[in-house]
Amino acid sequence: MLNLKFIQDNPELVIEKLAVKRFDARAIVEKVIELYQRRNEVQNEAETQKAEMNRISREIGQLMKAGNMEEVNLAKEQTVRLKEQIKTFEGEFDLIDEELAQLQVLLPNLPASLVPPGKGAEDNQIVATGGTMPILPEGAKPHWELASQYDLIDFELGVKITGAGFPVYKGFGARIQRALINFFLDQAREHGYLEVQPPYLVNEASGFGTGQLPDKEGQMYHDSTDNLYLIPTAEVPVTNIFRDVIVEGKDLPIKTTAYSACFRREAGSYGKDVRGLNRLHQFDKVEIVQVAHPDKSYDSLNDMVAYVQTLVEKLGLPYRILRLCGGDMSFTSALTYDFEVWSAAQERWLEVSSVSNFESFQATRLKLRFREEGRAKPMIAHTLNGSALALPRIVAAILENYQTPEGIVVPKVLVPYLGGCEIIR
RNA sequence: GGAGAGAUGGCAGAGUGGUCGAUUGCGGCGGUCUUGAAAACCGUUGUACCGAGAGGUACCGGGGGUUCGAAUCCCUCUCUCUCCGCCA
């Protein structure tokens, strides 16, 4: 979320920047400034009174010691009115503070200056492409048919056990999941990321910290008995490692990676978008997260994009990198690059990674700060994350792009992870 | 799930109603001494908000209450530990 003081000092900048995200912030910004000023006034009043109250209380202590009960009672009378006034001011303060907090979370993050204007997906900028489009054999099939032909994934069985969007992977289908997870984790580790295994359920504070709550509540599965949320991405538990933490400036950037299953309700999705592996309620993903110095966070972003690029290249998948336009960006992001791979039989691009710099937006919620050497006050850090990578669409692209009349050819980098198997027949 | 104990600053650990943001030790930082280091000694060492500043306010797991005054008393929630039960 945006810092209140920043909003107060830069109202026009906030409004202008958020217009790029097609968000009309004027009314909220004006209200925030008004409330913020009022809150400070009330705070000043309340604190002046409290100071007086503290003074009298100390005095009473002295008088009691001296045994001067008459003056004690006199002093006590003084506090009655003060107490009431303090209560009134504090009540108003709490009210305003709550209202401010509610407004504050309505404002999206400001887009970085690189973010192109635009409404939706069609306005995203293609900043890089790579790989070569495969020439598929006669009678090439989409991945859901291949999955069933080679008995790799059973969608119907998943429907029986749970429901749509919860496939059962079998045999090489299951092994290729495991292979990809290990491949991605090994790669991340080699690039300096610390591997962690986070919880798959998180509490409300964590959901708030990364920005899923309060507004994206409907996208997460929720256990109401214990008030816990199933994670939609490892970003949530991993980033929340750093909630309420002050790190050393010299340790930045802090690079963390985690594999997790991800759970998304995906309310409102339908049609070809949810066919086969295109969109699932449960899927596997390896996530990379960085905590960075504010001056260096765009270096981190570039570093992460370059890293993800090596992954899709090693898998031999044709890909393109998009810089998302204002209208297509997430609420929390300042700059996002999406990776898409070509799904040759479906003849469409599939998003397999989204790499974002959140600047101080998450860190402000998280109270994630760092201490720079030689500087007294801790400062808010920057956070970034990216998929590296999400499995299902990678699997879809591999199945489709690597199909031959003899079977599915295994990408070279995965062969050692599949016990030397070079083709799935 | 049942019974009991507990939660204090980076860590350990005092403090059971009055000047306590908090004794002390360790650790960290700065200094003296030393060719350098260690040891010893001296000093310093939380965060947030308000304020131009002086300074003020809040925070002793979270929330609420009693009181002129709460780390300290009461209620409640969460978590940790010990024992019992159950168990991958």
Side-chain angles (χ1 to χ4, degrees), chain A residues 1-9 32-101 103-104 197-209 213 222-229 237 240-252 254 261 360 362-381:
Chain A
M1 65 193 172
L2 302 178
N3 178 276
L4 291 176
K5 200 173 245 167
F6 178 82
I7 297 172
Q8 178 178 256
D9 295 344
V32 163
I33 290 173
E34 181 197 322
L35 288 173
Y36 185 58
Q37 272 166 1
R38 179 67 192 147
R39 192 188 68 170
N40 285 354
E41 284 165 24
V42 173
Q43 182 177 352
N44 266 321
E45 283 297 336
E47 289 186 356
T48 308
Q49 310 263 32
K50 277 195 219 172
E52 175 67 1
M53 188 70 152
N54 287 342
R55 193 189 59 77
I56 295 174
S57 290
R58 274 194 296 270
E59 211 172 86
I60 289 177
Q62 307 268 11
L63 291 170
M64 299 264 280
K65 258 182 204 159
N68 196 338
M69 292 319 284
E70 231 171 85
E71 290 205 37
V72 166
N73 287 331
L74 253 141
K76 278 194 188 181
E77 275 169 38
Q78 278 188 292
T79 64
V80 177
R81 250 197 74 170
L82 262 180
K83 223 180 174 180
E84 261 171 44
Q85 286 176 333
I86 291 172
K87 218 172 184 176
T88 308
F89 281 124
E90 279 189 330
E92 195 185 345
F93 180 90
D94 289 346
L95 227 65
I96 297 172
D97 200 48
E98 174 59 28
E99 205 178 330
L100 261 177
L103 286 174
Q104 204 179 359
Q197 264 197 31
Y200 289 2
L201 285 108
V202 294
N203 58 28
E204 231 177 315
S206 293
F208 179 83
L213 297 176
H222 180 228
D223 162 33
S224 57
T225 309
D226 293 307
N227 195 25
L228 296 173
Y229 295 85
N240 272 281
I241 290 172
F242 302 100
R243 174 154 48 86
D244 291 318
V245 166
I246 301 175
V247 299
E248 291 299 328
K250 64 176 163 53
D251 294 337
L252 299 176
I254 300 172
S360 59
Q362 286 183 331
T364 300
R365 287 177 165 225
L366 293 160
K367 298 193 175 68
L368 162 55
R369 289 158 293 173
F370 71 99
R371 203 186 302 274
E372 199 151 33
E373 268 177 289
R375 193 186 295 232
K377 258 186 149 331
M379 303 198 302
I380 296 287

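All figures in this text were calculated on a predicted structure; none of them were measured in a lab. Throughout, protein chains are lettered first and strands after them, A, B, ... in sequence-line order, and every chain is numbered starting at 1.
- Atom CD of A/E77 is separated from atom P of B/U67 by 16 Å (rounded to the nearest Å).
- A distance of about 15 Å separates the P atoms of B/U16 and B/U23, rounded to the whole Å.
- The same atom, C1', is picked in B/G62 and in B/U80; the two are 15 Å apart, to the nearest Å.
- Between A/E84 atom CD and B/C68 atom P there is a gap of 13 Å when expressed in whole angstrom units.
- B/A7 and B/A12 have their C1' atoms separated by 15 Å, given to the nearest Å.
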Side chains of residues 74-86 of chain A: which donor-acceptor pairs under 3.5 Å do they make with residues two or more places apart or in other chains?
| unit_1 | atom_1 | unit_2 | atom_2 | d |
| --- | --- | --- | --- | --- |
| A/T79 | OG1 | A/K76 | O | 2.5 |
| A/Q85 | OE1 | A/Q49 | NE2 | 3.2 |

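- Remark: RNA chain B forms stems of 3 or more consecutive Watson-Crick or G-U wobble pairs, all pair distances under 3.5 Å, at B:1-7 with B:78-84, B:10-12 with B:24-26, B:27-32 with B:40-45, B:46-50 with B:55-59, B:61-65 with B:73-77.
- Spacing of C1' atoms, B/G65 relative to B/G10, comes out at 33 Å, to the nearest Å.
- One interatomic measurement links the two molecules: NZ of A/K367 to C1' of B/G46, which rounds to 16 Å at whole-angstrom precision.
- Atom CD of A/E248 has more than 12 heavy atoms from other residues, nucleotides or ligands within 6.0 Å.
- Counting any heavy atom pair closer than 4.0 Å across all strands shown, A/K76 reaches a base atom.
- Rounded to whole Å, atom C1' of B/U57 lies 6 Å from atom NZ of A/K50.
- Residues A/Q362 and A/L368 form no side-chain contact, since every pair of their non-hydrogen atoms from C-beta on lies 4.5 Å or further apart.
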Do any side-chain atoms of residues 1-9 of chain A form donor-acceptor pairs under 3.5 angstrom with protein atoms, and if so which ones, sequence neighbours left out?
| unit_1 | atom_1 | unit_2 | atom_2 | d |
| --- | --- | --- | --- | --- |
| A/N3 | OD1 | A/K5 | N | 2.9 |
| A/N3 | OD1 | A/F6 | N | 3.0 |

Q: Starting from the C-alpha separation in whole Å, work towards a yes-or-no answer on side chain to side chain donor-acceptor pair (under 3.5 Å) for A/S57 and A/N54.
A: CA-CA 5 Å; A/S57 290; A/N54 287 342; 5.4 Å; no

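- Annotation: B/C68 and B/U19 have their C1' atoms spaced 15 Å apart (nearest Å).
- Remark: P of B/U19 and CG of A/L63 are 15 Å apart, rounded to the nearest angstrom.
- Rounded to an integer number of Å, the gap from A/I380 CD1 to B/U47 C1' is 12 Å.
- Going from the P atom of B/A40 to that of B/C26 covers 8 Å, rounded to whole Å.
- Nucleotides B/U72 and B/G64 place their P atoms 14 Å apart, quoted to the nearest Å.
- Between the CG atom of A/N203 and the P atom of B/C77 there is a distance of 18 Å, given to the nearest Å.
- Taking atom P in both B/C81 and B/U44, one finds a spacing of 38 Å when rounded to whole Å.
- Atoms CG (A/D244) and P (B/G61) sit 15 Å apart, rounded to a whole Å.
- Looking at A/E90 and A/K50, their side chains come closer than 4.5 Å, going by heavy atoms from C-beta outward.
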Whether each nucleotide of nucleotides 48-54 of chain B has a protein heavy atom under 4.0 Å at its base (B), only at its sugar-phosphate (S) or at neither (-) is summarised, 5' to 3', as SBS----

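- At a non-hydrogen distance threshold of 4.0 Å, A/M64, A/K65 from residues 64-75 of chain A come into contact with RNA chain B.
- Near RNA chain B, meaning a heavy atom under 4.0 Å from it, residues 54-62 of chain A has A/N54, A/S57, A/I60, A/G61, A/Q62 in order of number.
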